[in-house]
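Notes to accompany the following structure.
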There are 2 protein chains.
Amino acid sequence: MGASKTDLFTQQQNELASMAKALAHPARIAILQYLVKTNACVCGDLVEELGLAQATTSQHLKELKNAGIIQGTIEGASVCYCINPAVWKQYKQLFNSFFGEVSLENKCC
Amino acid sequence: MGASKTDLFTQQQNELASMAKALAHPARIAILQYLVKTNACVCGDLVEELGLAQATTSQHLKELKNAGIIQGTIEGASVCYCINPAVWKQYKQLFNSFFGEVSLENKCC
DNA sequence: AACCATCATCGTAATATTGCGATATGGGAG
DNA sequence: CTCCCATATCGCAATATTACGATGATGGTT
């Protein structure tokens with residue numbers, strides 16, 4: 001089939017999964033790390049930074065925008081991208097609470 | 001194409017992306033949450049818990065095993081699954097350092 | 001106006017993922 | 001040994017993802 005059966009799971013589970021999906025590509029990780037590193041609005045140089053074709057880069061940027069984790073504002077001829085701090089924080093918290101709640105005693109058989 | 005160009009990115013970026021990929025499905029999130037919640041070895045009842053077909057559940061378990069985040073030990077007729085604490089900790093730390101290093105001042109245009 | 005730079009979108013090809021029925025495999029019960 | 005039970009694997013169909021060239025759209029420059 002190829003389509004996830006989202007109706008079987010809770011909203012929280014689907015949300016976490018789609019967050020993870022947004023991060024599930026090295027190019028998107030690289031974009032986010034670059035935006036975080038420069039800690040500012042980045043205009044233009046993302047294509048050269050990645051090494052992928054312009055169309056491909058644009059597609060990855062679109063997915064990150066759809067996920068809400070970055071935002072792009074038009075600045076004259078080019079577009080400036082930066083982290084969306086609120087959504088970033090939300091990601092951080094959700095992943096943190098997902099990973100945090102485990103006590104690591106090995107009760108396995 | 002459909003195949004990621006992993007050679008363009010650093011090892012760390014690829015690793016983070018493949019970790020995220022392991023979490024990028026609500027069924028796998030649900031499996032992990034269930035294992036964490038019961039905090040023990042779980043034998044058998046995963047198929048009924050999920051609502052997916054047995055073959056599909058087995059496939060998701062396989063992916064989680066490949067990612068290393070769970071481990072399965074054969075217990076007689078059935079197989080017992082549980083979280084791999086070391087790998088879980090590693091995930092937690094990597095995601096934490098990924099999300100942690102951002103200062104949330106809004107310097108955007 | 002004509003031109004160039006930047007980015008988005010379209011169309012397409014290759015590959016991956018998801019899901020399930022059918023079929024193995026391997027261990028216990030009788 | 002034969003019959004079930006629990007898992008794994010195979011094979012297939014539907015859909016999603018990744019990648020890129022070509023083409024649009026928009027703004028600035030000359």
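Chain naming here is simple, since letters A, B, ... match the order of the sequence lines and numbering starts at 1 in each.
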Between the side chain of B:N14 and the main-chain N/O of B:T6, is any donor-acceptor distance below 3.5 Å?
-> yes
SG-SG under 2.5 Å, A:C80 vs A:C41 | no
Position toward the 5' end of DNA chain C (nearest nucleotide), A:T6 or A:A55 = A:A55
Between A:V79 and A:A3, name the one whose nearest nucleotide on DNA chain C is closer to the 5' end.
-> A:V79
A:L8 atom CG, neighbour heavy-atom count above 12 within 6.0 Å = yes
In residues 7-21 of chain A, what residues come within less than 4.0 Å of DNA chain C, judged by heavy atoms?
-> none
What is the distance, rounded to the nearest whole Å, between atom CD1 of B:I31 and atom P of C:dT18?
-> 11 Å
Would you mind telling me which residue lines up with the more 5' stretch of DNA chain D, A:G76 or B:L61, judged by nearest nucleotide?
-> B:L61
Spacing between A:Q59 atom CD and C:dA13 atom C1', to the nearest angstrom = 13 Å
Side chain to side chain contact (heavy atoms under 4.5 Å, CB included) with A:T10: which residues, sequence neighbours excluded?
-> A:Q12, A:Q13
Decide yes or no for B:F95 and B:L23: does some side-chain heavy atom of the first lie under 4.5 Å from some side-chain heavy atom of the second?
-> yes
Would you check, one step at a time, whether the test side chain to side chain contact (heavy atoms under 4.5 Å, CB included) holds for A:L32 with B:F98?
-> CA-CA 9 Å; A:L32 293 174; B:F98 176 73; 4.0 Å; yes
Taking atom C1' of C:dT15 as reference, at what distance in whole Å does atom NE2 of A:H25 sit?
-> 12 Å
Quick one: which residue pairs count as a side chain to side chain donor-acceptor pair (under 3.5 Å) with a foot in residues 21-31 of chain B, not counting sequence neighbours?
-> A:S4-B:H25, B:R28-B:H60, B:R28-B:E63
Taking the side chain as every heavy atom from C-beta outward, state whether B:F9 and A:I29 have any atom pair closer than 4.5 Å.
-> no
List the steps and the verdict of side chain to side chain contact (heavy atoms under 4.5 Å, CB included) for A:D45 and A:Y34.
-> CA-CA 10 Å; A:D45 28 327; A:Y34 186 68; 3.0 Å; yes
Smallest heavy-atom separation, B:L35 atom then B:Y81 atom, equals CD2-O, 3.5 Å
Based on Watson-Crick and G-U pairs with both distances under 3.5 Å, what dot-bracket line describes DNA chain C 5' to 3', crossing pairs as [ ] and inter-strand pairs as |?
-> ||.||||||||||||||||||||||||.||
Identify whether B:V47 and B:I70 are in the same connected component of the hydrophobic contact network (ILVMFWY, side-chain heavy atoms under 4.5 Å).
-> no
Out of curiosity, A:L64 CG to A:N84 CG, how far, rounded to the nearest 0.5 Å?
-> 11.5 Å
Is there a donor-acceptor contact under 3.5 Å from the side chain of B:S58 to the main chain of B:Q54?
-> no
DNA chain C contacts among residues 44-53 of chain B, heavy-atom distance under 4.0 Å = B:L52, B:A53
Counting any heavy atom closer than 4.0 Å, what does B:T56 reach on the DNA or RNA strands: base, sugar-phosphate only, or nothing?
-> base
Are the side chain of B:W88 and the backbone of A:F99 linked by a donor-acceptor contact shorter than 3.5 Å?
-> yes
From the candidates C:dC7, C:dA22, C:dT18, the one with an atom nearest any side-chain atom of B:Q54 is C:dA22
May I have the distance from B:H60 (atom NE2) to C:dT18 (atom C1'), rounded to whole angstrom?
-> 6 Å
Do the side-chain N or O atoms of A:K62 get closer than 4.0 angstrom to the phosphate oxygens (OP1, OP2) of C:dC7?
-> no
If you walk 5' to 3' along DNA chain D, what is the first nucleotide with an atom under 4.0 Å of a heavy atom in chain B, and what is the last?
-> D:dA6 to D:dC20
side-chain N/O A:S58 vs C:dC7 OP1/OP2, d < 4.0 Å = no
